[in-house]
Peer 1: 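One structure follows; several queries about it will come next.
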Amino acid sequence: MRDRDSELRLADILVETADTLTEGFDPEKYLRWLADRCVELLDARGAGVMYAAEGEAVRLISGTRQQHVVHDLLAVQHLGGPCLESFGTGKPVLPVPIDARSAAARWPAFVERADLHGIAGTYAVPLRNGGPTLGVLNVFVPHVPQVDDSWRDLYIAHALARAAAVGLRNHRTHAECRTLSDQLQTALDSRIRIEQAKGILAERWGVATDEAFDVLRRFSRRERLVIDAVATQVIKGEIDSRVFRRDRPEPS
């Protein structure tokens, strides 16, 4: 891409990276899209993500370009590689030529596999923006760029990874808030139904609402039913008040 076109495309992608508060959001599909955008912007051979969602097993997510190659290079890193190194430090792994002695000494199994696939260089950046590391974006290149270009490419990859970390954390926070909101709404709806059932029984029997609630509670425990379910049946008229005979108080 020309520099101007590349800058505009990067701006568009950063905006898209933030769009995670949507229905049906899929982290794996999102990270595959991120890897593809890296390949597009950086003229890479392929890219993938080692993703460690909280409380879940580590997932290896390959972009669609050279998918089998990328998955193989991610999988072999259980013996060591740029992803594990970046995970451990929380910092980027600078561009490394695969044929360098230092790379072979650091990650022998990974370097052997990368050389087999014709990969000339690699670098990795953490999916992290001030918080815990959520994963690592690993980029594989067919040739080792010049120093200036390598720093530019690393900066772009790091910017995308940081934006993705923000997007993933925002989605997680949004999902947790929605779950809590749903739970609170369910509790409120249940409480309203119980109050309605209390009022119906209290009026029917000429007793206080506290006494009517005590009847509902004792009946639900004895019958091993959820009190909200019993209240709902009372409101809908689906339960005969005579079934409460054993628990019903005498009218005052």
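Just so you know, residue 1 is the first one in the sequence shown, and it goes up from there.
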Peer 1: Kindly indicate whether the side chain of F219, heavy atoms from C-beta on, has any atom under 4.5 Å from the side chain of I239.
Peer 2: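 Contact flag for F219/I239 side chains = yes.
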Peer 1: Closer than 3.5 angstrom, by distance alone: can the side chain of Q66 be matched with the main-chain N or O of G46 as a donor-acceptor pair?
Peer 2: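 Side chain of Q66 to backbone of G46: no pair is present.
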Peer 1: In the structure I gave you, are the side-chain heavy atoms of Y30 and T17 within less than 4.5 Å of one another anywhere?
Peer 2: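 Yes - at least one pair of side-chain heavy atoms lies under 4.5 Å apart.
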Peer 1: What is the minimum heavy-atom distance between V136 and L127, and which atoms define it?
Peer 2: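 Heavy-atom minimum between the residues: C-CD1, 3.8 Å.
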Peer 1: Would you confirm whether S190, through its side chain, and T186, through its main-chain N or O, come within 3.5 Å as a donor-acceptor pair?
Peer 2: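 A pair under 3.5 Å: no.
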Peer 1: With a 4.5 Å limit on heavy-atom distance, are the side chains of L34 and L160 in contact?
Peer 2: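 They are in side-chain contact.
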Peer 1: Give the minimum heavy-atom separation between M50 and L84, together with the two atoms involved.
Peer 2: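 Looks like SD-CD2, 4.2 Å.
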Peer 1: May I ask you to test the D72-L116 pair for a side-chain heavy-atom distance under 4.5 Å?
Peer 2: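 When only atoms from C-beta onward are counted, L116 and D72 do not touch, as no gap falls below 4.5 Å.
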Peer 1: L94 and Y123: which non-hydrogen atoms are nearest, and at how many Å?
Peer 2: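 Closest approach of L94 to Y123, heavy atoms only: C-CB, 3.9 Å.
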Peer 1: Is any side-chain heavy atom of E40 closer than 4.5 Å to one of R37?
Peer 2: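 In short, these two side chains touch, coming nearer than 4.5 Å.
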Peer 1: Is a salt bridge present between R106 and E85, judged by a nitrogen-to-oxygen distance below 4.0 Å?
Peer 2: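 Counted as a salt bridge, because a side-chain N and a carboxylate O are separated by less than 4.0 Å.
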Peer 1: A side-chain contact here means heavy atoms from C-beta on lying under 4.5 Å apart; do D115 and D99 qualify?
Peer 2: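 In short, these two side chains do not touch, never coming nearer than 4.5 Å.
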Peer 1: Going through the distances and angles, do I194 and F213 end up as a side chain to side chain contact (heavy atoms under 4.5 Å, CB included)?
Peer 2: CA-CA 8 Å; I194 292 170; F213 175 70; 3.9 Å; yes
Peer 1: Show the nearest heavy-atom pair for residues V70 and A47, with the distance to one decimal.
Peer 2: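 Looks like CG1-O, 3.4 Å.
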Peer 1: Under the criterion side chain to side chain contact (heavy atoms under 4.5 Å, CB included), which of F140, F87, W107 is the partner of P82?
Peer 2: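 Per the side chain to side chain contact (heavy atoms under 4.5 Å, CB included) rule, the option paired with P82 is W107, out of F140, F87, W107.
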Peer 1: Is I156 reachable from W151 through a run of I, L, V, M, F, W or Y residues, each pair having side-chain heavy atoms under 4.5 Å apart?
Peer 2: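 Linked within one cluster.
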Peer 1: Distance-only, no hydrogens or angles: does the S220 side chain make a donor-acceptor pair with backbone N or O of L216 under 3.5 Å?
Peer 2: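 Flag set: sc S220 to bb L216 pair under 3.5 Å.
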Peer 1: Main chain of R191, side chain of D228: is a donor-acceptor contact present, judged purely on distance under 3.5 Å?
Peer 2: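 Here the side-chain-to-backbone pair does not exist.
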Peer 1: Measure the spacing between CG of D214 and CZ of R217 and express it to the nearest 0.5 Å.
Peer 2: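 Separation between the atoms: 4.5 Å.
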Peer 1: Specify the closest pair of heavy atoms between P126 and P92, including all atoms of both residues, with the distance to one decimal.
Peer 2: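 In this case the closest contact between P126 and P92 is CD-N, 3.7 Å.
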Peer 1: In the structure I gave you, are the side-chain heavy atoms of R32 and Q67 within less than 4.5 Å of one another anywhere?
Peer 2: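 They are in side-chain contact.
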Peer 1: A quick test of your reading: do over 12 heavy atoms of other residues, nucleotides or ligands sit less than 6.0 Å from CZ of R162?
Peer 2: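 No, the 6.0 Å shell around CZ holds no more than 12 heavy atoms from other groups.
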Peer 1: Following the transitive rule for hydrophobic clusters with a side-chain heavy-atom cut-off under 4.5 Å over Ile, Leu, Val, Met, Phe, Trp and Tyr, establish whether V49 and V69 coincide in one cluster.
Peer 2: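 As far as the 4.5 Å side-chain criterion goes, V69 and V49 are not connected within one cluster.
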Peer 1: Could you tell me the separation between the CD1 atom of I227 and the OG1 atom of T232, rounded to the nearest 0.5 Å?
Peer 2: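 Going from the CD1 atom of I227 to the OG1 atom of T232 covers 10.5 Å.
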Peer 1: How close do A165 and R128 get, heavy atom to heavy atom, and via which atoms?
Peer 2: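 Answer, listing the atom of A165 first, then R128: CB-N, 3.4 Å.
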Peer 1: Around Q196, counting heavy atoms of other residues, nucleotides and ligands shown, do more than 12 lie under 6.0 Å from its CD?
Peer 2: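 For Q196, atom CD is crowded (more than 12 foreign heavy atoms under 6.0 Å).
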Peer 1: Is L168 close to L31 at the side-chain level, that is, under 4.5 Å between some pair of heavy atoms?
Peer 2: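 The answer is yes, as the side chains (C-beta and beyond) meet within the 4.5 Å cut-off.
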